[in-house]
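Here's the structure, in structure tokens; my notes come after.
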Amino acid sequence: MQYTHEHLEIQKTLRRFIDEEINPHVDEWEAAEIFPAHEVFKKLGNLGMLGLNKPEAFGGAGLDYSYAMAMAEALGHVSCGGVPMAIGVQTDMCTPALARFGSDELRREFLAPAIAGDMVGCIGVSEPGAGSDVAGLKSHARKDGGDYIISGQKMWITNSLQADWMCMLVNTSDGQSAAGYSPHRNKSLVMVPMDSPGIEKAKKIRKIGMHSSDTGLIYFDNVRVPQRYRIGEEGQGFVYQMQQFQEERLWAAASSLEPMEDCIAQTIEWAQERKMFGATLADQQWVQFKLAELKTEVEALRALTYRACDLHVQGQDVLELASMAKLKTGRLTRQVADTCLQFWGGMGFTLENRVSRLYRDGRLGSIGGGADEVMLGILAKTMGIAKRPPRG
């Protein structure tokens, strides 16, 4: 993938916005464990940043996915992980299926205001008993006239305490058919306004990292929404969500590149100043080699991510490459942050240190959006080597 002048101008505009409107407030938002999503998203919407690859008819720019990738990479300029993740939820996690499969009426009601920054969205997949096992979710919707009546729980939901709507994956049938039970054919994606009667924002979940991002446990007790709020066909929600995950995982990879680069660069600067045993830390060959290895790994991840983006723009299925990029991102972020923190010594163990923030925030990369083990399972299947012992 080759960034054009237009790609670079988008990144330049976004980085300037980050320097002026986000980074000066990050420490305050981290301490408060929340940031003003509506305020920040509205400003991003005014810049045209929340719908780069979304249809022009609903306020988007109608560009290809490489522009969303360029934006994701530039979001790594934010000096924490929580705010970029919240923005990524809006652009690449809760809106792709809506933009691709939603009716025009649904897109006018939910997508257009999300692109404008007038509404904050969230994606409701994970539950207390179903995180990595998406097929095992228990939330259900029964039909009542022209409505769905939704009950259940959603947990680990980014943006949910401030969101105006949730793109919710929910069981809309019992999964029984002539062919037997299928947990992949009984789910639908449904748009749920978060001010609907019966919704309880039960708990703000405190986390070891991503502090500026609000994460909630949400209860649904007979929540009534029109069936016209369903995205696409009934029973196709699992398929739509798996497609949506591909862009989420590419976003995760792209947005990790600059934080790792910065972490390495800041550690080099520190190592060149840190005096020990009559020399600097940077004079130690092992330190030099380790930092060189880390930078090489980051560039290898960039190449993989760019290639996956290229193929995605061409309309190809990038399940395998996106899963590889997601797997590598989580593991490499942990490796970079942990190695660099060690070189910082006691300074690396302080809350104010940027490297320690990446150490805390980056740990989510191997869990959220599909755990490492889920990525390995997908890759084993795409390689044709996945085998499981027979049951019973």
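Residue numbers start at 1 and run along the sequence shown. Computed from a predicted structure; not experimentally measured.
- Taking the six-membered ring where tryptophan is involved, the planes of Y65 and H312 are perpendicular, since the angle between them exceeds 60° and thus also 30°.
- Donor-acceptor pairing under 3.5 Å is lacking for the side chains of T350 and N353.
- Using the six-membered ring where Trp is involved, F343 and W286 have ring planes that are perpendicular, over 60° apart on the 30 and 60° scheme.
- Checking each of N171, D221, V192, T172 against I150 for a side chain to side chain contact (heavy atoms under 4.5 Å, CB included) leaves exactly one that passes, namely V192.
- Taking 4.5 Å as the limit, some side-chain heavy atom of R302 sits within range of a side-chain heavy atom of E73.
- No side-chain donor from either of Q11 and H77 sits under 3.5 Å from a side-chain acceptor of the other.
- Residue S160 comes nearest to M194 through the heavy atom pair O-CE, 3.8 Å, listed as atom of the first residue, atom of the second, then distance.
- Contact annotation: the side chain of M1 never approaches that of T305 to less than 4.5 Å [non-hydrogen atoms, C-beta and beyond].
- Residues I218 and E200 form no side-chain contact, since every pair of their non-hydrogen atoms from C-beta on lies 4.5 Å or further apart.
- Screening R334, R331, K328 for a salt bridge (Lys or Arg N to Asp or Glu O under 4.0 Å) with E297, the sole residue that qualifies is K328.
- Under the 6.0 Å cut-off for aromatic ring centres, Y240 and F245 do not qualify, their centroids lying 6.0 Å or more apart.
- Proximity of P128 to W156: side-chain heavy atoms (C-beta onward) are nowhere separated by under 4.5 Å.
- We find the CD1-OG1 distance between I157 and T215 to be 9.0 Å, quoted to the nearest 0.5 Å.
- A 4.5 Å side-chain heavy-atom check between R363 and I367 finds at least one atom pair inside the cut-off.
- Side-chain atoms of E105 and S103 include no donor-acceptor pair closer than 3.5 Å.
- Side-chain contact of Q285 with Q288: a donor-acceptor pair under 3.5 Å is absent, judged by distance alone.
- Side chains of C80 and S212 form a contact here, defined as non-hydrogen atoms less than 4.5 Å apart.
- No side-chain heavy atom of W251 sits less than 4.5 Å from a side-chain heavy atom of V89.
- A side-chain donor from one of Q246 and D317 sits under 3.5 Å from a side-chain acceptor of the other.
- Considering V120, I115, L44 in turn, V120 is the only one that fulfils the side chain to side chain contact (heavy atoms under 4.5 Å, CB included) rule with Q90.
- A donor-acceptor contact closer than 3.5 angstrom is absent between the side chains of E234 and S188.
- Counted by atom type alone, R224 and Y148 present zero donor-acceptor pairs between their side chains at under 3.5 Å.
- With a 6.0 Å cutoff to the six-membered ring centre and a 45° limit on the axis angle, R15 does not count as a cation-pi contact of F17.
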